[in-house]
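Computed from a predicted structure; not experimentally measured. Below, all heavy atoms of this structure are taken into account, side chains as well, without hydrogens, waters or symmetry copies. Chain letters run A, B, ... following the sequence lines, proteins first and then strands; every chain starts at 1.
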Amino acid sequence: MMRPKGTRDVFGEELSALRRVEMTVRGLFEKYSFEEVETPMFENFELFEKKSGATVIDQIYAFKDKSGNMLALRPEITPSAIRFYINQLKSAPQPVKLCYFGSCFRYEEPQSQRWRQFTQAGVEILGSDRPEADVEVMALVVETMQKLGLRDFDLRVGHVGVLRKLLEHAGVGDDSQDPLLRAIDRKDEERIDAEIERARLNLTDQKILLELINSKGESSILENVRRITKGVPGVEKDFENLSDISEGLQAIGAKFNFDFGIARGLGYYTGAVFEVYVDKVQVVGGGRYDGLVELLGGKPCPAVGVGFGIDRLARVLVSRGKVEYPGGPDFMVIPVAPEIVGECLKIVKELRDAGLRADVELMGRKLTKALASADSRNVKKVIVVGQKDLEQGEVTIRDMKTGEQTKLPRKDLAKKISGTA
RNA sequence: CCGGUCGUAGCUCAAGAGCAGAGCGCCAGACCGUGGAUCUGGAAGGUCCGGGUGCAAAUCCCGGCGGCCGGACCA
């Protein structure tokens with residue numbers, strides 16, 4: 001039996017990395033006082049239909065249940081979180097800070113770092129349109145990366161509002177913006193040129209656009225970008241916003257770069273957007289989407305959020321050898337003769353009751369083989385239980401690393417061991 | 001949806017029309033109250049699936065499926 005295409009069985013070191021990322025992220029969500037919500041893994045199809053274009057809908061696992069309802073496996077969790085907010089929390093004290101965790105599904109061709117089932121974690125701040133909310137989300141991201149030991153991450157901040165307003169000003173209508181923005185997001189110069197051609201930008205606007213999307217670097221570039229786009233109506237406010245965000249990030253000592261070439265897909269983003277890269281792989285993405293709550297049927301509500309690619313983060317940890325994989329048990333109890341098995345079962349139970357990670361020989365191996373086997377499983381200490389020792393009221397404990405052996409009294413064994421180990 | 005590449009034992013790979021093999025791992029014995037070594041033995045594969053050509057197919061042909069890598073797309 002084979003796995004369905006694009007799925008994985010995660011085991012061993014990789015699973016250990018995955019758990020570590022989950023634990024780290026969950027811990028920080030709590031510390032930042034986001035409240036967790038667990039939403040269903042499938043939703044009514046229309047929840048995802050509303051905010052997505054045709055190509056995106058193509059990639060949704062959709063199905064009819066036995067009563068004919070159109071359902072879909074969630075391709076992301078943000079819509080569910082917002083549905084929940086609209087259903088139950090819209091009159092809760094603002095802002096509402098939600099976080100979530102779970103598997104998502106997309107019908108895509110699998111390739112490097114891309115599977116049909118993957119784990120996403122994320123947060124949403126609902127109700128605040130202020131730059132400090134954007135900063136809060138980015139601060140969480142920065143701290144997460146640091147806690148995971150990935151200090152060389154690259155945080156890039158852009159702004160889709162500026163991009164869209166510039167295009168609007170240049171006479172590119174909503175519908176024609178998307179292909180151009182896609183090209184920009186891909187950073188493919190040939191495509192960008194072709195799309196500029198197609199959008200019929202005049203020379204001045206072309207120059208402004210190209211200069212804008214090639215503006216990358218520290219906060220000092222902001223002034224220049226601001227100057228370039230001077231004539232574009234409405235962007236002044238966006239730059240105020242970016243400059244506030246920039247100050248906020250500097251206040252918390254976060255390293256980041258502006259990159260006005262970030263378009264973050266096309267979905268629902270309206271303001272500042274950001275991405276985090278490690279080793280050229282995008283592991284985190286987020287931004288402001290002030291229109292989504294309304295789109296999903298709620299009252300207008302500003303929102304900012306982020307999604308973490310948990311599997312990708314785990315991959316990075318594995319590839320950098322940062323995963324501690326807890327080999328075998330700390331203790332292995334081995335009987336010297338078959339008659340002593342019962343006593344061994346008793347001992348291992350005592351050890352476990354004392355909270356120790358203990359195992360017992362289950363294959364009926366002779367002592368020699370049992371020791372070899374314990375060693376190959378990275379057991380730290382072996383407790384050899386034999387008739388002679390028991391007659392003296394003792395057992396033998398052997399350190400598998402050093403080979404050093406000592407005898408310990410059988411009575412209160414677990415207590416003695418947990419004291420010394 | 002498109003392209004490259006690969007698919008034989010749990011793992012890494014041989015055999016390239018003529019009895020399906022090795023190394024590692026696993027189990028056991030030699031030794032049986034002290035490990036990693038060595039030696040010996042054992043279990044484990046109808047060669048990804050389905051068709052076709054041949055006396056004969058893991059091997060050649062066609063079609064699927066799957067892995068890895070990339071393109072399109074990426075909420």
#### Entry: Any N/O donor-acceptor pair, Glu109(A) side-chain to A72(B) base, under 3.5 Å
no
May I ask you to say what Arg8(A) touches in the nucleic acid, namely base, sugar-phosphate or nothing, with a heavy-atom cut-off under 4.0 Å? nothing
Quick note, side chain to side chain donor-acceptor pair (under 3.5 Å) partners involving residues 136-145 of chain A, not counting sequence neighbours, are Lys31(A)-Glu143(A), Tyr32(A)-Glu143(A), Lys97(A)-Glu136(A), Glu143(A)-Lys147(A)
**Prompt:** What does Lys366(A) touch in the nucleic acid at a heavy-atom separation under 4.0 angstrom: a base, only the sugar-phosphate, or nothing?
**Reply:** base
Restricting both atoms to N or O, compile the protein contacts to nucleotides 40-47 of chain B shorter than 3.5 Å, with distance only.
none

- Query: Looking for any heavy atom pair under 4.0 Å, which part of the strands does Asp185(A) touch: base, sugar-phosphate only, or nothing?
  - Reply: nothing
- [ ] Determine the interatomic distance between P on C11(B) and the same-named atom on G7(B); round to the nearest Å.
- [x] 14 Å
For nucleotides 8-12 of chain B, which of its nitrogen or oxygen atoms have a protein nitrogen or oxygen under 3.5 Å away, and what is each distance?
none

Inset, instruction - Taking atom types as modelled, find out whether Arg315(A) and Gln113(A) have a side-chain donor-acceptor pair closer than 3.5 angstrom. - result: no
query = What nucleic acid atoms does Gly403(A) come within less than 4.0 Å of, heavy atoms only: base, sugar-phosphate, or nothing?
reply = base
What does Arg3(A) touch in the nucleic acid at a heavy-atom separation under 4.0 angstrom: a base, only the sugar-phosphate, or nothing? nothing
Taking atom P in both C49(B) and A57(B), compute the distance separating them and give it to the nearest angstrom.
15 Å
Check your understanding: Is the NZ or CZ atom of Arg156(A) positioned over Phe274(A)'s six-membered ring, under 6.0 angstrom from the centre and within 45° of the axis?
Key -> no
Return yes if a side-chain donor-acceptor contact under 3.5 Å exists between Thr396(A) and Gln405(A), otherwise no. no
How is Thr78(A) classified with respect to the nucleic acid when contacts are heavy atoms under 4.0 Å: base, sugar-phosphate, or nothing? nothing
Out of A72(B), A75(B), C26(B), minimum distance to the side chain of Ile60(A) belongs to A75(B)
Whether over 12 other heavy atoms sit under 6.0 Å from Lys380(A) NZ
yes
* Report which part of the nucleic acid Gly6(A) touches: base, sugar-phosphate, or nothing (heavy-atom distance under 4.0 Å, all strands). => sugar-phosphate
Symbol by symbol from the 5' end, with Watson-Crick or G-U pairs under 3.5 Å, [ ] crossing and | another strand, RNA chain B is (((((((..((((....[..)))).(((((.......))))).....(((((..]....))))))))))))....
For residues 79-91 of chain A, the salt bridge (charged side-chain N to carboxylate O under 4.0 Å, His left out) pairs (sequence neighbours left out) are Glu43(A)-Arg83(A)
Less than 4.5 Å apart, side chain to side chain, heavy atoms only: is that true for Leu150(A) and Val283(A)? no
Residues pairing under ring-ring contact (aromatic ring centres under 6.0 Å, His included) where one sits in residues 137-188 of chain A, two or more places apart or in two chains, turn out to be none
